[in-house]
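For reference, the structure discussed in these notes is given below.
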Amino acid sequence: MTMLFVVDTETTGLSAEIAQLCEISGTLYRIGSTKETTGMIASVSTLMPVREDVLVTKESEAINGISQELTTSVCGYAKEYGYHKNAVDLFIEMANSADYMFAFNAEFDKAFLKTLIRTDNWICAMQDFDWGYPKKAHGNYKLIDLALWLGVGISTVHRAGDDVRLLVECLNRCKDNLGELIDRAAIRANSPILEVHALVSYADRELAKTAGFIWEPYQKIWLKQVKKCDFQEFVQTLNFEVEVF
């Protein structure tokens, strides 16, 4: 039996250095030995009090619909009724009872949750888990794209609880071999990231760009981050030489 803690966050901005959490949500998901013993078993979701001096950016409000007024009003309700502390305590307890944290964009959520829950044993649903999703054929890889491809209906998105529920439904589509997929994802999640440099001339720069390399203007090189476990397979797809840092 394996326990996942499926998590998502909403924030006042994109940078964990200056932005704050404004909502957290998590669901404990049990992976049993059969489909019948696999599924979600408990959930928690709450807005987080945000200090009045922390600005909710227009960009983040446009995405999640959480206004400055709504986040600051939580402070009063939380102090009066104590529900916020209970919800956060339950969130932490759930995280402590799980084998793995599971988030669609793990690096983003982990950066904002590092003061609340552990930072080890995170699996990124987008980068580490093999859904069988044809990334190249469908362009940008978003949770909504994945859900639609798996046949999951979508009614609301971009609140933390909505996105957790959507990711849980994606997991439900993989029950036949979910334990094996999680085991593989855990190995991949722990694989080191390599900085790969494309050795191409100016005339061949489009080859590097097509392969997903990004031009680094300060070092004047084409760079791409590749998981060590994927490196050999990735190199075989290239028609130019590379160098690993």
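Note that the coordinates shown come from a computational prediction; the quantities given were computed from them, not determined experimentally. Counting from 1, the numbers follow the sequence of the chain as shown.
Taking every heavy atom of both residues into account, Lys110 and Thr119 meet most closely at CD-O, 3.6 Å. Closest heavy-atom contact between Asn64 and Ile66: OD1-N, 2.8 Å. Summarising the geometry of Gly132 relative to Trp149, their closest heavy-atom pair is O-CH2, 3.2 Å, with the distance given to 0.1 Å. In this structure, Ser60 and Thr11 approach most closely via the heavy-atom pair CB-O, 3.5 Å.
Aromatic rings of Phe129 and Phe104 (six-membered ring for Trp) have centroids beyond the 6.0 Å cut-off, not under it. Between Tyr100 and Phe5, the ring centre distance reaches or exceeds 6.0 Å.
Using a distance-only test at 3.5 Å, with no hydrogens or angles considered, no donor-acceptor pair links the side chain of Gln219 to the main chain of Ile221. In this structure a side-chain-to-backbone donor-acceptor pair under 3.5 Å is missing from Thr46 to Ala87. Checked by atom type and distance alone, the side chain of Trp122 never pairs as donor or acceptor with a backbone atom of Asp109 at under 3.5 Å. Looking only at distances, no side-chain donor or acceptor of Arg165 sits under 3.5 Å from a matching main-chain atom of Asp162. Remark: side-chain polar atoms of Lys227 are paired, donor with acceptor, to backbone N or O of Arg188 under 3.5 angstrom. At distances below 3.5 Å, not a single donor-acceptor pair connects side-chain atoms of Asp204 with backbone N or O atoms of Ser201.
Using a 4.5 Å heavy-atom threshold, the side chains of Ser97 and Leu28 count as touching. In this structure, the side chains of Val244 and Phe231 come closer than 4.5 Å at one or more pairs of heavy atoms. For the pair Phe245 and Val196, the minimum side-chain heavy-atom distance is 4.5 Å or more. Using a 4.5 Å heavy-atom cutoff, the side chains of Ile154 and Leu166 are in contact. Residues Leu21 and Leu113 are in side-chain contact: their nearest non-hydrogen atoms beyond the backbone lie under 4.5 Å apart. The side-chain heavy atoms of Phe213 and Val200, taken from C-beta on, include no pair separated by under 4.5 Å. Side-chain contact between Trp215 and Lys220 is present, with heavy atoms from C-beta onward closer than 4.5 Å. Two residues are said to be in side-chain contact when any heavy atoms from C-beta on lie closer than 4.5 Å; Met94 and Val44 meet this criterion.
A salt bridge links Arg184 with Glu180: at least one charged nitrogen is closer than 4.0 Å to a carboxylate oxygen.
With Met48 as the fixed residue, the side chain to side chain contact (heavy atoms under 4.5 Å, CB included) test singles out one of Thr9, Leu116, Thr12: Leu116.
A search for side-chain hydrogen bond (donor to acceptor under 3.5 Å, both in side chains) contacts involving Arg118 returns Asp120, not counting sequence neighbours.
Using modelled atom types, one finds no donor on one side chain facing an acceptor on the other under 3.5 Å when comparing Thr2 with Asp99.
For residues 21-32, every residue pair satisfying the side-chain hydrogen bond (donor to acceptor under 3.5 Å, both in side chains) rule, not counting sequence neighbours, is listed here: Glu23-Arg159, Thr27-Ser43, Tyr29-Asn172.
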